[in-house]
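These numbers come from a predicted model, not from an experiment. Below, read A as the first sequence line, B as the second, and so on, with proteins coming before strands; counting in each chain starts at 1.
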Amino acid sequence: MALESRAVPTGRTTPYSPRPFPTADGAVARRAYAVSTIGTKVILAVTGLALFLFLPIHLVGNLLLLVGSDTFNRYARSLESIPVLVPVAEVGLLALFVIHASKAVLNFLANRRARGSNYAAKRPATGGASRKTWASASMIVSGITIGVFVPVHLLQMKFGAYYPVTLDGAPARDLYRLVRELFHDPFVVAFYVFCMVVVGAHIYHGFASAFQSLGAYHPRYAPLVLLLGRGLGVVIGAGFLALPLVMYAAR
Amino acid sequence: MIVNPAPTRTAPKGMRIALRVWRQANATTRGRLVNYQLDDVSPDMSFLEMLDVLNETLIKKGEEPVDFESDCREGICGSCGLMIDGRAHGPLAGTTTCQLHMRTYRDGDEIVIEPWRAEAFPILKDLSVDRSAFDRIIVAGGFVSVNTGAAPDANAVLVPKGDADLAMDAAACIACGACVAQCKNASAALFTGAKVSHLSLLPQGGPERGRRAIRMVQQMDAEGFGSCSNEGECEAVCPKQISIGTIARMNREFTRAALDGAS
Ligand code: HEM
Ligand code: FES
């Protein structure tokens with residue numbers, strides 16, 4: 001290949017022009033980083049991992065549903081009673097969610113453009129180094145599904161019916177009853193089970209992918225991180241998915 | 001590594017191979033897959049020799065031969081590169097197209113051959129693509145500055161053994177473009193990662209380290225390559241089996257340089 005750029009009639013071949021990172025202006029530099037392919041993936045990784053951290057906490061709390069009505073309602077009330085915790089967490093999660101989802105969609109579209117024309121035949125590589133799975137190939141699908149699930153979930157739970165109950169002599173919201181009634185409906189149960197498989201799949205690839213995006217790679221530990229992420233995807237997916245199933249079975 | 005299946009030739013005649021080859025007259029016209037039949041393919045032929053035979057028959061018939069690139073035909077130059085049955089460089093790991101041999105196939109097989117497809121690699125003709133985007137990424141920062149004049153003492157600059165090994169592994173990249181071709185995002189992260197890693201690991205070129213990472217990545221983005229989804233398909237098809245660890249290193253180098261305010 002010749003080093004001087006050849007003029008070609010089609011394609012994206014931009015003539016060589018060194019673009020210095022515009023650092024004179026800090027805001028411009030931050031923007032240049034944020035829109036670069038690597039900066040985009042770093043943002044996806046940081047927001048994705050932060051969103052992920054919420055899930056084990058949420059799961060452990062939800063498992064109290066299996067202990068009983070009072071335990072779960074008491075847990076919910078004590079969470080609410082911690083000053084500023086819930087509002088701050090909600091605003092933070094919303095911001096992470098919006099940034100992650102919008103960056104992910106823009107990134108997906110840019111990546112589609114980068115292929116240009118499609119292959120007539122395309123197959124996964126045969127080498128052992130590939131991490132491609134059904135989960136990695138469908139990140140945009142699982143992501144958009146989560147994007148639909150979360151608002152529905154919030155409408156059903158947080159903004160759902162308010163059943164008052166008296167707990168330890170004080171008024172409280174009977175969230176247990178809300179959940180139990182929701183999971184009486186087989187369609188709701190099926191929807192939740194499906195969405196939790198999807199969340200598990202997103203983590204199955206996303207967890208290790210985020211480490212790689214952040215540049216955390218070590219020949220000895222990278223395979224372990226991959227395994228850990230896949231395990232977390234399965235365990236968290238299965239944990240969340242068990243709740244509607246168990247509550248439906250025990251209705 | 002895949003073990004090649006033993007040739008299953010019983011008759012003295014060669015194999016019959018059906019080919020579906022992407023034909024496209026030039027960069028601006030639309031291409032399509034065209035069927036060809038070869039009836040006497042020796043298992044000892046390389047894949048490119050098989051295409052040479054195809055071209056001889058086409059020329060004899062007065063037809064336009066299939067345009068494809070090759071140079072060394074010994075797996076070191078990176079010129080050859082075909083999408084063979086949907087896999088960059090074909091079914092074998094750690095192998096360039098020119099090092100793929102017809103003994104990998106069986107009598108009666110059908111093989112689909114396409115060019116690399118990426119917005120940043122425009123198709124020139126048939127199976128040949130313009131990979132000069134890679135050259136421009138190198139020009140943007142893939143070099144080290146040296147003092148000319150008297151030759152320096154060979155061992156004046158010490159390089160830790162581990163770093164030298166990692167740099168050498170990354171330097172094995174032959175810029176064939178298989179990583180881009182195989183990646184679902186047509187990302188050049190493995191190529192650029194290999195080049196950034198190779199040079200950033202060595203003390204030579206240290207002064208350009210931050211600037212190099214910034215400029216090479218920005219050139220990569222400007223060419224229209226996609227981002228890395230960490231599927232590792234690139235490493236799996238790379239004829240030099242370059243590790244995606246080089247991509248992680250590039251991400252670190254780029255982020256660090258951006259934080260440092262390199263330009
Ligand atoms: C609970 C919510 C979510 C969690 C925990 C989560 C987590 C993650 C993580 C850890 C990654 C890996 C980042 C990387 O590879 O660098 C990721 C990637 C991704 N996420 Fe999410 N995510 C969530 C919601 C969403 C939503 C709502 C979308 C909507 C479109 C989405 C779309 C994507 C896509 C497309 C990728 C892959 C990017 C790529 O590698 O090409 N995610 N996610
Ligand atoms: S022709 Fe040189 S690597 Fe194949």
Of the listed Arg123(A), His218(A), Met139(A), the one with the largest count of heavy-atom pairs under 4.5 Å with chain B is Arg123(A)
For the interface with chain B, which of Pro124(A), Gly116(A), Gly128(A) has the highest count of heavy-atom pairs at distances below 4.5 Å? Pro124(A)
Between chain A and each of [options], count heavy-atom pairs under 4.5 Å; write down the option with the most.
options: Cys228(B), Ala248(B), Gly226(B), Cys238(B); answer: Ala248(B)
options: Glu233(B), Met250(B), Arg20(B); answer: Glu233(B)
options: Val112(B), Val237(B), Val217(B), Ile244(B); answer: Ile244(B)

Part of [X] within contact of chain B (heavy atom distance under 4.5 Å):
X: Ser136(A); answer: both
X: Arg112(A); answer: neither
X: Lys41(A); answer: side chain
X: Ala137(A); answer: both

Quick check on [X] against chain A: is it the side chain, the backbone, both or neither that has a heavy atom closer than 4.5 Å?
X: Arg117(B); value: both
X: Cys183(B); value: backbone
X: Ile137(B); value: neither
X: Gln182(B); value: both
X: Ser243(B); value: side chain
X: Ala181(B); value: both

Could you tell me whether the side chain of Gln212(A) reaches within less than 4.5 Å of the side chain of Ile247(B), counting heavy atoms only? yes
Using a 4.5 Å cut-off on heavy atoms from C-beta on, say whether the side chain of Phe240(A) contacts that of Leu55(A). yes
Ion pair Glu231(B)/Lys184(B), N-O distance below 4.0 Å: yes
Can Arg113(A) and Glu119(B) be counted as an ion pair, charged N to O under 4.0 angstrom? no
So, do Phe225(B) and Phe121(B) have ring centers that fall under 6.0 Å from each other? yes
His89(B) and Trp116(B) aromatic centres sub-6.0 Å: yes
Distance-only, no hydrogens or angles: does the [X] side chain make a donor-acceptor pair with backbone N or O of [Y] under 3.5 Å?
X: Arg212(B); Y: Gly205(B); answer: yes
X: His198(B); Y: Gly142(B); answer: no
X: Asp126(B); Y: Gln24(B); answer: yes

Any chance the side chains of Ser227(B) and Asn111(A) put a donor and an acceptor closer than 3.5 Å? yes
